[in-house]
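Data block below; observations after.
Order of listing sets the numbers, starting from 1, for every ligand and every atom in it. These figures come from a predicted structure and were not determined experimentally.
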Amino acid sequence: MVIIGEKINGAIPSVQKAIAQRNENFIRDLAIKQVEAGADYIDVCAGTTPDVEFETLKWLMDLVQDAVDKPLCIDSPHPTIIEQVFEYAQQPGIINSVSGEGNKCEVIYPLIQGTQWQVIALTCDSRGIPADVQTRIDIAKSLVEKAQKYDIKPERIYIDPLVVALATDYQAAQKFVETLTAVKQLYPDIKTTAGLSNISFGMPLRKTINHAFLTVAIFAGMDSAIMDPCNRETKTALLSAEAIAGRDKYCRNFLNAYRKGLIGPSRF
Ligand code: THG
């Protein structure tokens, strides 16, 4: 499982405060902790208004790259901002994200053409997130086909079938799994990812729901998750699910993590 550490996101109040105060140590510490906990990529999202997004995102990127040697997942809804910060990335990572909305593909695909960069493609467009599975599959197809014109192969694309809250659509997880399965059948080399926590928004016992969803998504073949790797219970759920899904040969990862004390009941 490819883990994209989600914690450096200006939408989180403590991070927003650290950004406002330009608290370098706070951001560095979040990067280091996530890498120690097993993050493969560090998501950086400014979560500001567009006028200060470039300088904020560049500041975050510089700090993270100074603190750890992991690639970035550059997270912005504005393709032109991604275009501006791109040159400050020290190694190829993931662009988060393109979708069928506006000119996102037309800006991002040429930027990563001929590079090792990967890209997350969301199955939504200017109409929003489709309520039905077939429209999501159609959007995924169009995003993959457009990428082919820029020599971006399916293996460099992470389709995000977009998790909406169960509280909004009680069939959200079912639709997610159906979209993911169909996309993988169409493009066997494609990768898939998702943010874990959206599923439980507006519900009690959020962690429990997130963990059940993670298990189901892993069983459906999800390759990556945008998540908090520092949460011990989530890590335990992740490694259990991978073992159960037959994705952990001889349960080696599970047993090693257990021996190292990285998984198990939470400690107080
Ligand atoms: N898909 C894609 N990108 C995304 C999302 C997605 N980027 C943003 C978001 N969704 C994923 N990122 C976050 C970041 C933080 C939180 C939720 C989603 C969050 N964090 C709490 C905190 O850190 O305080 C709690 C974390 C926890 O303990 O689980 O809520 O869907 N492509």
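For the 3.5 Å distance criterion, the side chains of Glu233 and His211 fail to qualify, holding no donor opposite an acceptor. Tyr109 and Gln148 share no side-chain donor-acceptor pair at under 3.5 Å.
Of all the atoms in ligand 1, the ones that sit under 4.0 Å from a non-hydrogen atom of Ile120 are 32 (N).
Ion pair Asp66/Arg28 flagged as a salt bridge, since at least one NZ, NE, NH1 or NH2 atom sits closer than 4.0 Å to an Asp/Glu carboxylate oxygen. Of the charged side-chain nitrogens involved, at least one lies within less than 4.0 Å of a carboxylate oxygen, so that Lys146 and Glu106 count as a salt-bridged pair. Classification of Lys58 and Asp62 as a salt-bridged pair holds, one side-chain N sitting under 4.0 Å from a carboxylate O.
Here the heavy atom of the protein found nearest to atom 7 (N) of ligand 1 is Asp75 OD2, 2.9 Å. The protein heavy-atom contact nearest to atom 11 (C) of ligand 1 is Ile226 CG2, 3.8 Å. Remark: minimum distance from atom 31 (O) of ligand 1 to any protein heavy atom is reached at Asn198 ND2, 3.3 Å. Ranking protein heavy atoms by distance to atom 3 (N) of ligand 1, first place goes to Asn96 ND2, 3.0 Å. When only non-hydrogen protein atoms are considered, atom 1 (N) of ligand 1 lies nearest to Asp160 OD2, 2.7 Å. Looking only at protein heavy atoms, the nearest one to atom 28 (O) of ligand 1 is Lys207 NZ, 3.1 Å. Of the protein's heavy atoms, Glu6 OE2, 3.6 Å lies nearest to atom 26 (C) of ligand 1. The closest protein non-hydrogen atom to atom 21 (C) of ligand 1 is Ile12 CD1, 4.5 Å.
Within 6.0 Å of atom OH in Tyr187, more than 12 heavy atoms from other residues, nucleotides or ligands are found, so the atom counts as buried in its surroundings.
Contact annotation for atom 9 (C) of ligand 1: protein absent (non-hydrogen atoms, distance under 4.0 Å).
Contact analysis puts Ser197 in contact with ligand 1, with a non-hydrogen atom separation below 4.0 angstrom. Heavy-atom separations between Leu122 and ligand 1 include at least one value shorter than 4.0 Å.
With sequence neighbours excluded, the residues forming a salt bridge (charged side-chain N to carboxylate O under 4.0 Å, His left out) with Asp228 are Lys7, listed by chain and number.
Judged by the 6.0 Å and 45° rule, Arg156 forms no cation-pi pair with Trp117.
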